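One structure is given below, encoded as C-alpha coordinates.
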Amino acid sequence: MHIHYISDQNSILNHFLAQLRDVNVQKDSMRFRKNMERIGEIMAYELSKKLSFKTASITTPLGTKDTMLIKDEVVLCSILRAGLALHTGFMSFFDEAENGFVSAARTHGASEILVEYQAAPSFEGKCLLLLDPMLATGHSMVAVINQLMKKEQPKEMHICVVIAAPEGIEYLKKHLPENIHLWVASLDDCLNEHKYIIPGIGDAGDLAYGEKL
Ligand SMILES: O=P(O)(O)OC[C@H]1O[C@H](OP(=O)(O)OP(=O)(O)O)[C@H](O)[C@@H]1O
Ligand SMILES: O=c1cc[nH]c(=O)[nH]1
Ligand SMILES: [Mg+2]
(Lines give C-alpha, C1' and ligand atoms only; values in the text may rest on other atoms or scores of the structure.)
(Ligands and ions follow the chains in the order given, each with its own letter.)
Protein backbone atom coordinates (compact mmCIF):
# COMPACT_ATOMS: atom_id res chain seq x y z
CA MET A 1 0.00 0.00 0.00
CA HIS A 2 1.30 3.47 -0.88
CA ILE A 3 0.67 5.79 2.08
CA HIS A 4 0.64 9.59 1.67
CA TYR A 5 0.58 11.80 4.78
CA ILE A 6 -0.61 15.21 3.65
CA SER A 7 0.26 17.01 6.91
CA ASP A 8 3.96 16.09 6.98
CA GLN A 9 4.72 19.78 6.30
CA ASN A 10 3.21 22.53 8.42
CA SER A 11 0.43 24.39 6.62
CA ILE A 12 -2.99 25.90 7.23
CA LEU A 13 -4.29 22.31 7.21
CA ASN A 14 -3.05 22.12 10.85
CA HIS A 15 -5.61 24.79 11.80
CA PHE A 16 -8.52 22.88 10.27
CA LEU A 17 -7.40 19.66 11.99
CA ALA A 18 -6.94 21.46 15.31
CA GLN A 19 -10.48 22.86 15.11
CA LEU A 20 -11.93 19.42 14.27
CA ARG A 21 -10.35 18.04 17.45
CA ASP A 22 -11.02 20.94 19.83
CA VAL A 23 -13.94 20.13 22.21
CA ASN A 24 -14.87 23.82 22.44
CA VAL A 25 -14.95 24.37 18.68
CA GLN A 26 -16.75 21.05 18.13
CA LYS A 27 -19.95 22.52 19.59
CA ASP A 28 -20.31 24.40 16.31
CA SER A 29 -21.35 21.57 13.97
CA MET A 30 -21.47 23.89 10.97
CA ARG A 31 -17.80 24.76 11.50
CA PHE A 32 -17.04 21.04 11.97
CA ARG A 33 -18.62 20.22 8.60
CA LYS A 34 -16.91 23.21 6.96
CA ASN A 35 -13.49 22.13 8.24
CA MET A 36 -14.08 18.57 7.04
CA GLU A 37 -14.99 20.03 3.64
CA ARG A 38 -11.87 22.22 3.57
CA ILE A 39 -9.67 19.21 4.39
CA GLY A 40 -11.41 17.36 1.53
CA GLU A 41 -10.41 20.19 -0.82
CA ILE A 42 -6.78 20.12 0.34
CA MET A 43 -6.61 16.32 0.05
CA ALA A 44 -8.19 16.45 -3.41
CA TYR A 45 -5.53 18.94 -4.50
CA GLU A 46 -2.66 16.82 -3.13
CA LEU A 47 -4.09 13.62 -4.63
CA SER A 48 -4.60 15.26 -8.03
CA LYS A 49 -0.79 15.39 -8.40
CA LYS A 50 -0.75 11.56 -8.65
CA LEU A 51 -3.38 11.30 -11.42
CA SER A 52 -2.65 10.87 -15.15
CA PHE A 53 -2.56 14.00 -17.28
CA LYS A 54 -2.87 14.74 -21.00
CA THR A 55 -2.02 17.82 -23.06
CA ALA A 56 -4.87 20.10 -24.09
CA SER A 57 -4.67 23.22 -26.21
CA ILE A 58 -6.64 26.07 -24.61
CA THR A 59 -7.74 29.04 -26.68
CA THR A 60 -7.49 32.43 -24.98
CA PRO A 61 -8.82 35.66 -26.55
CA LEU A 62 -5.23 36.32 -27.72
CA GLY A 63 -3.75 32.93 -28.60
CA THR A 64 -3.46 29.30 -27.50
CA LYS A 65 -1.74 27.66 -24.57
CA ASP A 66 -0.86 23.97 -24.18
CA THR A 67 -1.94 22.84 -20.70
CA MET A 68 -1.79 19.54 -18.83
CA LEU A 69 -5.29 18.41 -17.80
CA ILE A 70 -6.42 15.35 -15.84
CA LYS A 71 -7.00 12.33 -18.09
CA ASP A 72 -8.42 9.95 -15.47
CA GLU A 73 -12.15 9.56 -14.98
CA VAL A 74 -12.69 10.11 -11.27
CA VAL A 75 -15.42 8.45 -9.21
CA LEU A 76 -15.93 9.73 -5.64
CA CYS A 77 -17.54 7.29 -3.24
CA SER A 78 -18.17 8.18 0.38
CA ILE A 79 -19.19 6.06 3.35
CA LEU A 80 -22.35 7.24 5.12
CA ARG A 81 -22.80 9.29 7.19
CA ALA A 82 -19.53 10.90 8.19
CA GLY A 83 -18.10 10.82 4.67
CA LEU A 84 -20.61 13.35 3.35
CA ALA A 85 -18.86 16.60 4.32
CA LEU A 86 -15.51 15.26 3.08
CA HIS A 87 -17.27 14.30 -0.16
CA THR A 88 -18.50 17.89 -0.62
CA GLY A 89 -14.90 19.11 -0.36
CA PHE A 90 -13.66 16.61 -2.97
CA MET A 91 -16.58 17.50 -5.28
CA SER A 92 -15.72 21.17 -5.25
CA PHE A 93 -12.30 20.34 -6.80
CA PHE A 94 -13.19 17.29 -8.92
CA ASP A 95 -16.21 19.00 -10.45
CA GLU A 96 -16.63 16.44 -13.27
CA ALA A 97 -16.44 13.40 -10.99
CA GLU A 98 -19.25 10.85 -10.77
CA ASN A 99 -20.46 10.14 -7.25
CA GLY A 100 -21.40 7.11 -5.19
CA PHE A 101 -22.60 6.53 -1.62
CA VAL A 102 -22.36 3.37 0.48
CA SER A 103 -23.53 2.76 4.03
CA ALA A 104 -21.51 0.97 6.70
CA ALA A 105 -22.82 0.41 10.21
CA ARG A 106 -20.58 -0.84 13.00
CA THR A 107 -22.37 -3.45 15.11
CA HIS A 108 -21.33 -5.65 18.05
CA GLY A 109 -18.67 -3.26 19.33
CA ALA A 110 -17.42 -2.51 15.81
CA SER A 111 -16.42 -6.10 15.04
CA GLU A 112 -19.18 -6.65 12.45
CA ILE A 113 -19.99 -4.26 9.63
CA LEU A 114 -23.36 -4.08 7.87
CA VAL A 115 -23.17 -2.73 4.33
CA GLU A 116 -26.83 -2.28 3.40
CA TYR A 117 -27.15 0.65 1.02
CA GLN A 118 -25.19 1.24 -2.16
CA ALA A 119 -25.81 3.81 -4.87
CA ALA A 120 -22.71 4.07 -7.03
CA PRO A 121 -21.93 4.53 -10.74
CA SER A 122 -19.75 2.11 -12.73
CA PHE A 123 -16.08 2.58 -11.84
CA GLU A 124 -14.62 -0.11 -14.12
CA GLY A 125 -11.30 1.21 -15.46
CA LYS A 126 -11.75 4.52 -13.65
CA CYS A 127 -10.02 6.12 -10.70
CA LEU A 128 -12.04 5.30 -7.59
CA LEU A 129 -11.64 7.50 -4.50
CA LEU A 130 -13.14 6.14 -1.26
CA LEU A 131 -13.87 8.86 1.27
CA ASP A 132 -14.32 8.50 5.02
CA PRO A 133 -12.93 10.83 7.71
CA MET A 134 -12.11 8.04 10.19
CA LEU A 135 -10.03 4.90 9.75
CA ALA A 136 -10.28 3.21 13.16
CA THR A 137 -10.21 -0.62 12.98
CA GLY A 138 -10.40 -0.40 9.17
CA HIS A 139 -13.30 -2.88 9.14
CA SER A 140 -15.83 -0.45 7.61
CA MET A 141 -13.46 0.48 4.77
CA VAL A 142 -12.58 -3.14 3.94
CA ALA A 143 -16.25 -4.24 4.10
CA VAL A 144 -17.26 -1.44 1.71
CA ILE A 145 -14.41 -2.18 -0.72
CA ASN A 146 -15.21 -5.93 -0.71
CA GLN A 147 -18.84 -5.12 -1.49
CA LEU A 148 -17.99 -2.67 -4.29
CA MET A 149 -15.36 -4.92 -5.89
CA LYS A 150 -17.74 -7.88 -6.28
CA LYS A 151 -18.63 -6.75 -9.80
CA GLU A 152 -16.05 -4.21 -11.00
CA GLN A 153 -12.36 -3.30 -10.84
CA PRO A 154 -11.17 0.30 -10.92
CA LYS A 155 -7.95 1.29 -12.73
CA GLU A 156 -6.68 2.78 -9.47
CA MET A 157 -8.03 2.98 -5.95
CA HIS A 158 -7.34 5.79 -3.47
CA ILE A 159 -8.59 5.59 0.11
CA CYS A 160 -8.89 9.06 1.61
CA VAL A 161 -9.19 9.48 5.38
CA VAL A 162 -8.65 12.41 7.72
CA ILE A 163 -7.65 10.63 10.94
CA ALA A 164 -6.14 7.13 10.93
CA ALA A 165 -5.21 4.74 13.72
CA PRO A 166 -2.15 2.50 13.22
CA GLU A 167 -4.43 -0.53 13.78
CA GLY A 168 -6.61 0.50 10.84
CA ILE A 169 -3.63 0.93 8.54
CA GLU A 170 -2.32 -2.54 9.46
CA TYR A 171 -5.76 -4.02 8.78
CA LEU A 172 -5.89 -2.43 5.31
CA LYS A 173 -2.38 -3.69 4.53
CA LYS A 174 -3.47 -7.22 5.44
CA HIS A 175 -6.80 -7.28 3.61
CA LEU A 176 -6.39 -5.13 0.49
CA PRO A 177 -4.23 -5.39 -2.65
CA GLU A 178 -0.76 -3.82 -2.48
CA ASN A 179 -1.22 -1.28 -5.24
CA ILE A 180 -3.81 0.82 -3.38
CA HIS A 181 -3.09 4.40 -2.30
CA LEU A 182 -3.99 5.59 1.20
CA TRP A 183 -4.20 9.34 1.88
CA VAL A 184 -4.10 10.43 5.53
CA ALA A 185 -4.27 13.90 7.07
CA SER A 186 -3.24 12.74 10.56
CA LEU A 187 -1.89 9.48 11.98
CA ASP A 188 -3.03 9.22 15.61
CA ASP A 189 -1.86 7.04 18.50
CA CYS A 190 -4.15 4.01 18.93
CA LEU A 191 -7.72 2.80 19.52
CA ASN A 192 -9.47 2.71 22.90
CA GLU A 193 -11.53 -0.23 24.20
CA HIS A 194 -14.60 1.07 22.28
CA LYS A 195 -12.61 1.20 19.01
CA TYR A 196 -12.48 4.99 18.98
CA ILE A 197 -9.32 6.72 17.79
CA ILE A 198 -7.14 8.29 20.51
CA PRO A 199 -6.77 11.26 20.65
CA GLY A 200 -8.94 11.48 17.49
CA ILE A 201 -11.98 13.70 17.38
CA GLY A 202 -14.80 11.56 18.81
CA ASP A 203 -17.67 10.36 16.65
CA ALA A 204 -17.30 12.16 13.33
CA GLY A 205 -20.86 11.39 12.18
CA ASP A 206 -22.42 12.67 15.40
CA LEU A 207 -20.27 15.80 15.41
CA ALA A 208 -21.30 16.65 11.85
CA TYR A 209 -24.96 15.64 11.93
CA GLY A 210 -26.02 15.13 15.58
CA GLU A 211 -26.28 12.10 17.81
CA LYS A 212 -28.25 9.15 16.49
CA LEU A 213 -30.53 6.87 18.49
O1 LIG B 1 -12.55 1.77 10.96
P2 LIG B 1 -13.82 1.40 11.69
O3 LIG B 1 -13.54 0.81 13.03
O4 LIG B 1 -14.72 0.55 10.88
O5 LIG B 1 -14.54 2.75 12.02
C6 LIG B 1 -14.63 3.80 11.10
C7 LIG B 1 -16.05 4.07 10.75
O8 LIG B 1 -16.74 4.62 11.89
C9 LIG B 1 -17.36 5.85 11.53
O10 LIG B 1 -18.64 5.67 11.08
P11 LIG B 1 -19.82 5.25 12.07
O12 LIG B 1 -19.93 3.78 12.13
O13 LIG B 1 -19.64 5.95 13.38
O14 LIG B 1 -21.11 5.79 11.33
P15 LIG B 1 -21.65 7.28 11.14
O16 LIG B 1 -20.85 7.91 10.06
O17 LIG B 1 -23.06 7.12 10.75
O18 LIG B 1 -21.50 8.00 12.46
C19 LIG B 1 -16.44 6.36 10.45
O20 LIG B 1 -16.99 7.38 9.69
C21 LIG B 1 -16.11 5.12 9.68
O22 LIG B 1 -17.07 4.79 8.71
O1 LIG C 1 -12.79 7.50 16.63
C2 LIG C 1 -13.69 7.12 15.85
C3 LIG C 1 -13.77 5.81 15.39
C4 LIG C 1 -14.74 5.48 14.52
N5 LIG C 1 -15.62 6.42 14.13
C6 LIG C 1 -15.55 7.69 14.56
O7 LIG C 1 -16.35 8.54 14.16
N8 LIG C 1 -14.58 8.01 15.41
MG1 LIG D 1 -20.37 7.57 13.84
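Treat the numbers as computed from the prediction; the structure is a model and nothing was measured.
In this structure the side chain of Ile6 never reaches within 4.5 angstrom of the side chain of Leu47, judged on heavy atoms. Arg106 is listed as a side-chain neighbour of Ile113, based on a closest heavy-atom distance under 4.5 Å. Two residues are said to be in side-chain contact when any heavy atoms from C-beta on lie closer than 4.5 Å; Cys160 and Phe90 meet this criterion. Here the side chains of Asp206 and Arg81 are in contact, with some heavy-atom distance below 4.5 Å. Side-chain contact between Thr137 and Tyr171 is absent, with no heavy atoms from C-beta onward closer than 4.5 Å. Within the 4.5 Å cutoff, the side chain of Leu20 has heavy atoms near those of the Phe32 side chain. Taking 4.5 Å as the limit, every side-chain heavy atom of Ser78 sits out of range of all side-chain heavy atoms of Leu86. Put simply, the side chain of Gln153 reaches to within 4.5 Å of the side chain of Glu124, judged on heavy atoms.
Comment: Lys173 engages Glu170 in a salt bridge, judged by a side-chain N to carboxylate O separation of less than 4.0 angstrom. Lys50 and Glu156 are not joined by a salt bridge, as no carboxylate oxygen comes within less than 4.0 angstrom of a charged side-chain nitrogen. A salt bridge links Arg21 with Asp188; the closest basic N to acidic carboxylate O contact falls under 4.0 Å.
Each of Lys54, Lys155, Lys126 was scored for a side-chain hydrogen bond (donor to acceptor under 3.5 Å, both in side chains) with Asp72, with one residue passing: Lys155.
Of all the heavy atoms in Leu187 and Val184, the pair that sits closest is N-CG1, 4.0 Å. Here the closest heavy-atom approach between residue Phe123 and residue Leu148 is recorded as CZ-O, 3.4 Å.
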